[in-house]
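Counting begins at 1 with the first residue of the sequence. Being a predicted model, the structure only gives us computed values, none of them experimental.
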Amino acid sequence: MGFTMGLNLLLLLAMVATNILSLYHLSSNIQQPNNLNPSSNPTQNQVPDYLIHQLQTIRATINHLTRHHNHHPEQQHSKPTSMPSDLILYSQLSPIASSCHNNPELLFTYMNYTPFTLCPLGSDDVVEALILRGCHPLPRRRCFSKTPQKPSSSSLPHNPFPAKLLDEVVMWKKYSSCKSFDCLSKLNPNMGFDMNNEVSNFLSYKSELDLPVPQLLQIAKAANSVIRLGLDIGGGTGTFAARMKLHNITVLTTTLNVVAPYTEAVALRGLVPLHVPLQQRFPIFDGVVDIVRCGRAINRWIPSATLEFLLFDVDRVLRSGGYLWLDHFFSKSVDLDKVFAPLIGKLGYRKVKWATASKTDSSGLKNGEEDFIKRITSVQDLKTCLFSL
């Protein structure tokens with residue numbers, strides 16, 4: 001109530017100031033004798049620069065305050081007008097991403113908590129919403145995240161392909177569709193939660209578009225290149241990282257918990273999940289990764305400009321002699337030569353292998369989409385790219 005009255009009073013004062021300045025200008029023009037001379041210089045009748053500046057400033061202030069007052073009027077009474085104290089404190093310690101400022105309601109909800117107590121219920125949903133909108137890294141908070149009970153040491157598998165994923169280590173309340181990994185597996189076996197299906201992935205050819213890990217390692221060996229560190233973008237439940245782990249190769253997997261606990265599944269397999277969105281710059285130093293795999297999350301639905309920035313960020317983290325693999329990237333066949341091939345060509349890589357095939361699912365048949373696999377090696381710095389498109 002007090003905030004609204006103060007805002008109205010400020011608008012009233014701004015309008016009064018505008019009227020006073022206008023009257024002052026009119027009276028000063030009337031008192032000037034040159035105004036009676038029609039042959040006088042017309043520039044003498046113009047508004048002084050300082051007065052124009054003042055009027056523009058006041059007008060801009062009124063417009064800004066009016067927009068602020070009218071923006072989401074239904075929310076004016078639904079939330080407190082003062083900022084959360086920890087949001088103010090953190091902003092003084094570390095900069096907050098601009099995309100966070102572009103979503104003030106979500107940021108307010110995320111930072112509106114009581115310090116040194118449990119974080120509010122529903123925080124995970126707000127976190128995912130902010131990250132998907134580009135608000136990353138998120139501000140730190142001084143509250144305790146609720147976690148499942150400590151599992152026994154014997155229940156946590158060392159094998160990245162366990163017989164079954166443990167349900168006890170997931171907070172299932174935030175997921176509406178399923179409350180167990182078995183339910184997710186039955187809902188869609190291709191989501192990656194059925195370990196019986198995942199254990200055979202990346203081992204052999206299921207189509208000409210596949211690239212088994214044994215062949216990948218053979219290609220690297222033939223090129224006198226070593227694979228030790230990797231990044232799997234949009235890696236789902238981490239099956240590629242799991243397969244590489246059996247060859248003593250460390251692969252980080254980027255995940256988001258969209259409708260299912262992908263991050264927890266990756267961690268349950270003894271792998272490292274990176275909770276980052278696709279539009280985020282990879283939290284990896286330049287030129288230190290041996291291989292980057294882009295999963296099915298990288299496809300034609302990503303705007304071409306965004307995809308271009310992503311590929312050049314991949315190029316940034318790859319070392320010379322490293323590999324880039326676009327795994328089953330799909331697009332409309334007409335866009336392959338016109339859009340995506342030229343986009344990939346900007347990297348300046350030399351081709352190693354290229355294969356295409358029409359998608360046979362309902363989406364592929366409807367949109368004329370193709371999957372294709374492409375392996376190319378850089379001409380300039382001998383980076384090698386394995387594109388499975």
Side-chain angles (χ1 to χ4, degrees), residues 97-99 102 128 130-137 209 211 230-236 240 251-256 258 262 274-287 289-319 322-359 361 363-364 366-381 383-389:
S98 60
S99 294
N102 294 336
E128 295 292 328
L130 282 169
I131 291 178
L132 287 172
R133 287 164 174 80
C135 178
H136 194 272
L209 301 180
L211 178 61
L231 173 65
D232 191 9
I233 305 172
F240 175 68
V251 175
L252 307 178
T253 304
T254 71
T255 64
L256 283 176
V258 180
Y262 288 96
L274 293 179
H275 198 219
V276 296
L278 293 178
Q279 63 267 39
Q280 171 67 27
R281 186 177 187 267
F282 300 126
I284 298 174
F285 194 68
D286 300 2
V289 174
D290 303 315
I291 184 170
V292 175
R293 173 186 173 268
C294 298
R296 283 183 174 259
I298 310 300
N299 55 61
R300 73 179 182 92
W301 295 110
I302 299 178
S304 58
T306 303
L307 181 60
E308 186 174 76
F309 276 101
L310 185 147
L311 290 178
F312 273 87
D313 200 31
V314 168
D315 181 80
R316 176 186 63 82
V317 302
L318 276 173
R319 65 166 178 81
Y323 292 87
L324 168 60
W325 177 12
L326 287 179
D327 191 3
H328 286 80
F329 181 101
F330 64 87
S331 75
K332 290 185 176 181
S333 57
V334 68
D335 293 333
L336 176 57
D337 294 328
K338 293 183 177 180
V339 178
F340 297 109
L343 191 153
I344 297 170
K346 293 180 180 180
L347 296 173
Y349 294 166
R350 186 174 69 245
K351 292 183 179 180
V352 174
K353 180 180 178 180
W354 176 276
T356 63
S358 297
K359 287 185 66 178
D361 59 9
S363 175
K366 178 181 178 181
N367 298 307
E369 294 172 338
E370 288 188 350
D371 281 349
F372 48 100
I373 178 170
K374 183 179 182 180
R375 302 182 199 142
I376 48 185
T377 307
S378 168
V379 175
Q380 293 182 342
D381 55 6
K383 287 180 183 176
T384 302
C385 298
L386 307 171
F387 290 88
S388 174
L389 295 100

### Query
Does any non-hydrogen side-chain atom of His136 lie less than 4.5 Å from one of Val276?
yes

### Message
Rounded to the nearest 0.5 Å, what separates atom OH in Tyr262 from atom OG1 in Thr254?
### Response
12.5 Å

### Message
Using 0.5 Å steps for rounding, measure from the CG atom of Leu278 to the CD1 atom of Ile298.
### Response
4.5 Å

### Query
How long is the span from the CD atom in Gln279 to the CD1 atom in Ile131, to the nearest 0.5 Å?
9.5 Å

### Message
The criterion is side chain to side chain contact (heavy atoms under 4.5 Å, CB included); which residues satisfy it with Phe309, sequence neighbours excluded?
### Response
none

#### Entry: Separation of Cys294 SG from Leu310 CG (nearest 0.5 Å)
6.0 Å

### Message
Within the structure provided, determine whether Phe329 and Leu307 are in side-chain contact (heavy-atom separation under 4.5 Å).
### Response
yes

### Query
Which residues pass the salt bridge (charged side-chain N to carboxylate O under 4.0 Å, His left out) test with Asp290, sequence neighbours left out?
Arg228, Arg319

### Non-neighbouring partners of Asp337 that pass side chain to side chain donor-acceptor pair (under 3.5 Å), sequence neighbours left out
none

### Name of the residue among Asp313, Asp315, Ile233, Leu252 meeting side-chain contact (heavy atoms from CB on, under 4.5 Å) with Val292
Ile233

### Close side-chain approach of His275 and Glu128, heavy atoms under 4.5 Å
yes

### Query
Can you check whether Gly236's main-chain N or O pairs, donor with acceptor, with Arg296's side chain at less than 3.5 Å?
no

